[in-house]
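Predicted model, so just to flag it, every value in this text is computed and none were measured. The chains referred to below are lettered A, B, ... by the order of the sequence lines, with proteins before strands, and numbering in each begins at 1.
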2 protein chains.
Amino acid sequence: MADVARLAGVSAQTVSRVSTGHPGVLESTRREVLNAMQQLGYRPNSAARALKRGEFRTIGVILFTLATTGNSRTVEAIAAHAAREGYAITLIPVAVPTQDGVLGAFTRLGELAVDGIVVIMEVHLLDAVDLTLPPGVPVVVVDSDAGDRYPVVDADQAEGARQAVRHLLELGHETVWHVTGPDDSFSSARRAAAWREVLDQAGRPAPECEHGDWSAESGYRAGRKLAARPDCTAIFVANDQMALGVLRALHEAGRRVPEDVSVVGFDDIPDAASYMPPLTTVHQDWPEVGRRCVQALLEQINRHAVPPGTVLVPTRLIARESTGPAAS
Amino acid sequence: MADVARLAGVSAQTVSRVSTGHPGVLESTRREVLNAMQQLGYRPNSAARALKRGEFRTIGVILFTLATTGNSRTVEAIAAHAAREGYAITLIPVAVPTQDGVLGAFTRLGELAVDGIVVIMEVHLLDAVDLTLPPGVPVVVVDSDAGDRYPVVDADQAEGARQAVRHLLELGHETVWHVTGPDDSFSSARRAAAWREVLDQAGRPAPECEHGDWSAESGYRAGRKLAARPDCTAIFVANDQMALGVLRALHEAGRRVPEDVSVVGFDDIPDAASYMPPLTTVHQDWPEVGRRCVQALLEQINRHAVPPGTVLVPTRLIARESTGPAAS
DNA sequence: GCGCGTCATGTTTGCGTAAACATCAGGTTG
DNA sequence: CAACCTGATGTTTACGCAAACATGACGCGC
């Protein structure tokens with residue numbers, strides 16, 4: 001910076017004013033300084049800037065995996081919106097989903113240069129984390145149960161699941177089978193609870209669940225069991241990938257979809273429209289979830305506003321051929 | 001830090017020594033200091049640390065999208081390995097894949113606190129970027145043509161595509177059709193070039209390509225055209241998602257896979273094993289790509305080593321039922 | 001034409017840390 | 001026992017920037 005100042009024939013402070021866009025600099029001087037910056041390839045040192053200002057303009061995202069469509073799409077949206085607000089994103093992967101792993105990640109985060117944290121963790125390990133959080137750092141939680149400790153942003157998974165099950169009942173099925181996600185997943189638990197709730201309200205018996213792990217392979221295994229039951233005519237699968245496996249299992253067993261069995265998935269991943277047959281599923285608006293995360297975090301950072309409780313992003317059922325004749 | 005020093009009854013410098021793990025501190029003193037840290041909830045300020053040390057222990061990752069399996073898996077691996085080395089990951093999304101968008105992202109990166117940069121960009125926009133890169137910052141490029149300006153890490157896509165096409169020829173097909181990815185994609189271009197190369201070497205005519213955009217939907221459109229050609233009996237699709245669409249198109253046209261048409265994909269996404277039929281495809285080792293990225297970058301950062309040219313991570317064909325009877 | 005406000009710019013200072021150097025106690029050697 | 005070393009700790013300083021305050025030039029009104 002001193003070099004730039006010298007070259008432009010001004011003081012370092014004036015260079016600072018130009019680089020931060022402060023007013024009160026003569027247009028001619030500004031051009032002079034910008035010119036000198038260009039010439040010397042000057043880049044402001046963000047560490048010094050952060051040190052001086054006491055903020056990093058960075059948001060930390062702590063998560064288990066990017067391998068699920070939902071997580072990666074949400075992170076992408078967070079990054080995009082954060083960038084728009086002049087914030088960068090720091091990714092903190094928790095390698096091992098154990099309490100130690102979480103603690104380690106949070107410890108690293110504590111030493112990290114972030115102004116706020118988004119936690120994307122579907123499993124029940126958040127409890128361990130409280131004390132480790134650097135005090136005073138705003139937090140937003142996605143896809144997990146934060147109690148009332150942190151604001152939560154999430155898709156309205158319960159409503160989506162209700163729509164799915166109701167849709168199947170309205171098609172005339174006596175009841176609806178369910179393939180769950182992993183047992184330690186909150187999303188899975190909420191989808192299953194909503195499924196059970198709708199069946200109860202309709203006075204229908206809730207068959208025993210099959211349990212999967214989100215993967216297509218696990219869906220296939222669950223689907224084989226369900227395909228063997230002639231009384232199973234409607235299946236609500238907790239995500240689209242497992243639904244893919246279920247479809248294959250039904251196909252191999254000679255049970256036609258949707259004529260013999262109707263299938264509904266969850267997530268509306270892009271591929272779902274190209275399954276055989278195209279999958280009826282619940283659409284999740286991940287970009288919106290990401291946007292609301294950033295918004296909630298920035299509210300805390302900038303306006304020191306009180307956490308806004310839980311923000312639910314709407315979900316909606318997309319009817320395709322796996323539950324009936326082509327909708328288009 | 002001063003507070004900790006006061007509470008522990010030592011100087012700030014001793015606190016610093018403890019927090020950086022420097023030797024030459026009496027065990028009793030060290031315990032005292034750690035105790036005081038705990039009590040006061042002291043966290044080293046990373047901005048000040050970075051300012052003093054002149055390094056951020058952060059790697060910037062610049063990319064277009066996390067929506068593709070390859071990108072998100074690669075980023076995940078980069079983050080995991082970087083974390084292991086004590087580095088954090090900063091994500092820089094390029095919202096608009098235009099030259100301006102790239103320049104904007106690189107400008108942001110220039111001001112950003114990173115010790116090195118991984119560029120994950122499959123399109124041809126890298127050229128514009130040279131001048132904007134902060135000079136002296138190590139760079140590694142993935143999935144793109146960096147010429148000889150930067151070291152490149154990538155999966156051996158050409159070899160994977162060759163294996164795929166050879167496999168189809170060995171099954172006795174007269175020639176192999178091809179569905180490409182988007183025109184501006186390097187991966188797509190390399191896979192297509194390798195496809196053409198094998199056909200040429202075998203003295204087979206190369207049919208005209210169908211062009212997709214990586215999406216299952218575009219694969220479906222391409223598949224409909226190919227399904228209408230009775231002479232098309234073998235298709236190499238440039239990624240698994242498009243292959244999903246191709247499979248559906250063939251199914252709807254009444255052409256059986258693999259009896260009438262053999263199909264090979266690329267990527268080996270987890271779902272591919274659950275397609276109907278399970279898809280023969282080329283496995284890419286994204287975790288390894290991520291690992292090598294970090295390794296190449298750290299070599300530059302720590303040892304100021306010369307860029308190691310191009311690192312190719314092996315790929316391999318996974319034969320499944322879409323090209324023949326069940327392999328298992 | 002004197003006082004005062006306004007605006008562009010310069011000077012001083014300190015953010016939290018760690019390297020470099022200084023100090024000091026205790027021990028070792030010839 | 002003096003000269004010297006070693007190892008633990010303290011003191012000074014600078015990293016690059018920007019807020020706060022200081023300066024100084026100019027113009028305006030009365």
Side-chain angles (χ1 to χ4, degrees), chain A residues 1-37 40-58 86 88 108-115 134-137, chain B residues 1-37 40-58 86 88 108-115 134-137:
Chain A
M1 190 160 91
D3 299 338
V4 175
R6 206 170 307 121
L7 179 58
V10 298
S11 74
Q13 181 56 32
T14 300
V15 177
S16 165
R17 276 193 268 258
V18 171
S19 90
T20 53
H22 272 215
V25 179
L26 225 51
E27 188 49 37
S28 60
T29 314
R30 151 173 269 107
R31 261 200 303 276
E32 200 97 31
V33 172
L34 287 174
N35 200 2
M37 283 179 172
L40 271 60
Y42 166 80
R43 311 266 176 186
N45 177 315
S46 50
R49 192 168 270 188
L51 174 58
K52 187 74 179 101
R53 301 214 274 219
E55 62 165 29
F56 306 99
R57 297 203 75 79
T58 294
R108 250 176 289 140
L109 255 187
E111 298 180 358
L112 231 54
V114 298
D115 303 310
V137 176
Chain B
M1 191 160 89
D3 299 339
V4 175
R6 207 171 306 121
L7 179 58
V10 299
S11 74
Q13 182 54 33
T14 300
V15 176
S16 166
R17 277 192 267 259
V18 170
S19 90
T20 53
H22 272 217
V25 179
L26 226 51
E27 189 49 37
S28 59
T29 315
R30 152 174 264 105
R31 261 201 303 278
E32 200 96 30
V33 171
L34 287 174
N35 200 0
M37 282 179 172
L40 270 58
Y42 165 81
R43 312 264 176 187
N45 177 315
S46 50
R49 193 167 268 188
L51 174 59
K52 189 76 182 90
R53 300 212 277 217
E55 62 165 29
F56 305 99
R57 298 204 75 79
T58 295
R108 248 176 290 138
L109 255 188
E111 299 180 358
L112 231 54
V114 298
D115 303 310
V137 176

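Side-chain N/O atoms of B/R49 include one lying less than 4.0 angstrom from OP1 or OP2 on C/dA18. Residue B/T29 places no side-chain N or O under 4.0 Å from the OP1 or OP2 atom of D/dA8. Distances shown here put every side-chain N or O of A/S19 at or beyond 4.0 Å from the OP1 or OP2 atom of D/dC17. In terms of phosphate contacts, A/T14 brings no side-chain nitrogen or oxygen within less than 4.0 Å of OP1 or OP2 of C/dA8.
Position along DNA chain D of the nearest nucleotide to A/A47 versus B/G9 favours B/G9 as the more 5'-ward residue.
Side chain of B/D115 to main chain of B/E55: no donor-acceptor pair is present (N/O by atom type, distance under 3.5 Å, no hydrogens or angles).
Across all strands shown, B/S16 has heavy atoms under 4.0 Å from base atoms, whether or not it also approaches the sugar-phosphate. The residue A/V15 sits apart from the nucleic acid: no heavy atom pair falls under 4.0 Å.
Side-chain N/O atoms of A/R49 and A/S19 include a donor and acceptor closer than 3.5 Å. A/S11 and A/R6 share no side-chain donor-acceptor pair at under 3.5 Å.
Look at CD on B/E55: it is 14 Å from C1' on D/dC15, rounded to the nearest Å. Atom pair B/R57:CZ and C/dT17:C1' shows a separation of 16 Å (rounding to whole Å applied). The interatomic distance linking A/R53 (CZ) with D/dA19 (P) rounds to 7 Å, in whole Å. Distance B/E27 CD to D/dT9 C1': 16 Å, rounded to the nearest Å. The interatomic distance linking A/H22 (NE2) with C/dC7 (C1') rounds to 16 Å, in whole Å. B/N45 has its CG atom 18 Å from the P atom of D/dC15, to the nearest Å. In this entry the distance linking CG of A/L51 with C1' of D/dA19 reads 13 Å, nearest Å. To the nearest angstrom, P of C/dG16 lies 10 Å from NZ of A/K52.
Candidate nucleotides C/dT9, D/dC15, C/dT17 were compared by shortest atom distance to the side chain of A/V25, and C/dT9 ranks first. The listed nucleotides are C/dT17, C/dT11, D/dC17; the one nearest the side chain of A/S11 is C/dT11. Comparing C/dT17, C/dC15, D/dA18 by their closest approach to the side chain of A/M1 singles out D/dA18. For B/Q13, taking side-chain heavy atoms from C-beta onward, the closest of the listed nucleotides C/dT9, D/dT9, D/dG10 is D/dG10. The side chain of A/L26 lies closest to C/dA8 when the candidates are C/dA8, C/dT17, D/dG10. The side chain of B/V10 sits closest to D/dG10 out of C/dT9, C/dG16, D/dG10.
Contact annotation: the side chain of B/V15 approaches that of B/M37 to within less than 4.5 Å [non-hydrogen atoms, C-beta and beyond]. A heavy-atom distance below 4.5 Å is found between the side chains of B/S46 and A/F56.
Between the base of D/dG10 and the side chain of B/R17 there is a donor-acceptor pair shorter than 3.5 Å.
With respect to B/R30 and B/E32, no salt bridge is recorded, no charged nitrogen being found less than 4.0 Å from a carboxylate O.
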